[in-house]
Amino acid sequence: MGFHKDFMWGTATAAYQIEGAWNEDGRGASVWDVCGRDRNVVLFNETGDVTCDHYHRYKEDVALMKELGMKCYRFSISWSRILPEGTGAVNQKGLQFYSDLVDELKANGIEPLVSLFHWDYPYALYQKGGWMNPESSEWFLEYTKVVVDALSDRVSCWITMNEPQCFIGCGHTIGSHAPFVKLGTRDLITMSHNVLLSHGKAVRYIREHAKTKAEISFAPIAPVYIPKDDSKEAIEEARAKTFHMNRERFVFSLTWWSDPVILGKYPEEAYELFGEDMPVYSEEEMKLISQPLDFYGMNVYYSEADHETEGYPENMWQGRGRTGMGWVVSPEVMYWSPKFIYERYGLPIMITENGMAGMDWIHMDGKVHDPYRIDFLHRYLLEFKRAAEEGIPLKGYMHWSLMDNFEWACGYNMRFGLIYVDYQSQQRIIKDSGYWFRDVVQTNGENL
Ligand code: IFM
């Protein structure tokens, strides 16, 4: 037994990272357009102004997905392309772009998965306090309505938020992502609660109003620890670390977001750490936040032990291979993440992102050879298959990323794609790993 016959294989991207056309056809500014510019916060002061120019080249990109035999495509919507001020007037041209993209995907037999929010927060709303504003979940609901009303006749799979740990953690805690601010604990707690309420309001709206039967989740990162050996004690130690929160990095933790969303309560540890600073909410509010989801979307890149400040006594990560981002190559995380998370939350698992950054270039034969990415993927997918064989319900796998793109504060230096993008000419070249992944999809993982 391997992956079930309807397993969803695909690739993922995000609007700001690939679209470009940052000020065309009425698009409003996002925090990345404004705060990411001219402040030496992004490597070489690069921006997403043009990036892969996907806004103009989406047909070519969909054709490449088809050539790769992809069954699904996960992409995000730029909130400020649809609602330039974040709320209020709808930009029909922006909406049309996504409607055309969905049509193009469908015409090519590719199932669209829509992420409502992947970090490009409307700047106009940020000026009003952003996620701190008590109205922020209503703003998100308003935006959700516009998207769902326009696309849900053809889209049935929805992700509300991508990696809340990162847009709150990197964006507002350590200040390495837009809007590049560092706030205190109490503010972070308030923002988190508003993000959770936004998620809940979006889920309710989609469930009640989508024109086709909806499947809904969110896509947090899965900071999972892997056991140092096969013993029961080591497994329990890894599990305990995975579901533990610490004061400094609490917004990066798994339970901070997933316990309210799925178990309907904040973790006990949060009350021990923050006491009276914890949000006061009604039973109704928590019911809204914790409406049933159809699967658990998780973005998995490496084992969390790498960031464990105390470290294991015998450092199991010493000298291990690392990707371009410096992330440790730890394939076992593709077994332990689904296992631990399924055991705690009981939902089928979809890997909504997984992949690696390399320093790819065009070789003298005109092709892009990336044997390390093939090896990386092969190892990770074998571990994922092990989870399938153990009977953990697995729904799909979305590779990050379809193509090289703007890697946030790392600019264009990190290449995550199965397709190489030459940013000067906008030429696309399928990498060796893209063809390799095509064979995995074609055989439904039998060839692994
Ligand atoms: O590029 C990002 C993506 O936007 C969110 N998840 C991690 C990826 C690689 O850093």
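Both counts, for ligands and for their atoms, begin at 1 and track the order of listing. In what follows, residues are counted from 1 in the order of the sequence shown.
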Using heavy atoms and a cut-off under 4.0 Å, could you grab the residues that are in contact with ligand 1, chain by chain, numbers ascending?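 Residues Q17, H118, W119, N162, E163, Y301, W327, E353, W400, E407, W408, F416 each place a heavy atom under 4.0 Å from ligand 1, listed by chain and number.
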Between R379 and E383 (salt bridge meaning N to carboxylate O under 4.0 Å), is one present in this structure?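 Answer for the salt bridge query: no.
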Salt bridge flag under 4.0 Å for residues E135 and K128: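 No, no charged N to carboxylate O under 4.0 Å.
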Please determine if R81 forms a cation-pi arrangement with Y55, meaning its NZ or CZ atom is less than 6.0 Å from the six-membered ring centre and no more than 45° off the ring axis.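 The answer is yes; both the distance and angle limits are met.
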Just verifying a value: how many Å separate R57 CZ and L64 CG, rounded to the nearest 0.5 Å?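 If I round to the nearest 0.5 Å, the distance is 11.5 Å.
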Please assess W256 against Y266 for the test ring-ring contact (aromatic ring centres under 6.0 Å, His included), listing each intermediate value before the final yes or no. CA-CA 6 Å; W256 177 246; Y266 282 103; 5.0 Å; yes
Which residues pass the side chain to side chain contact (heavy atoms under 4.5 Å, CB included) test with L183, sequence neighbours left out?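 Counting only residues at least two positions away or on another chain, L183 forms a side chain to side chain contact (heavy atoms under 4.5 Å, CB included) with H172, V181, D187, L188, M191.
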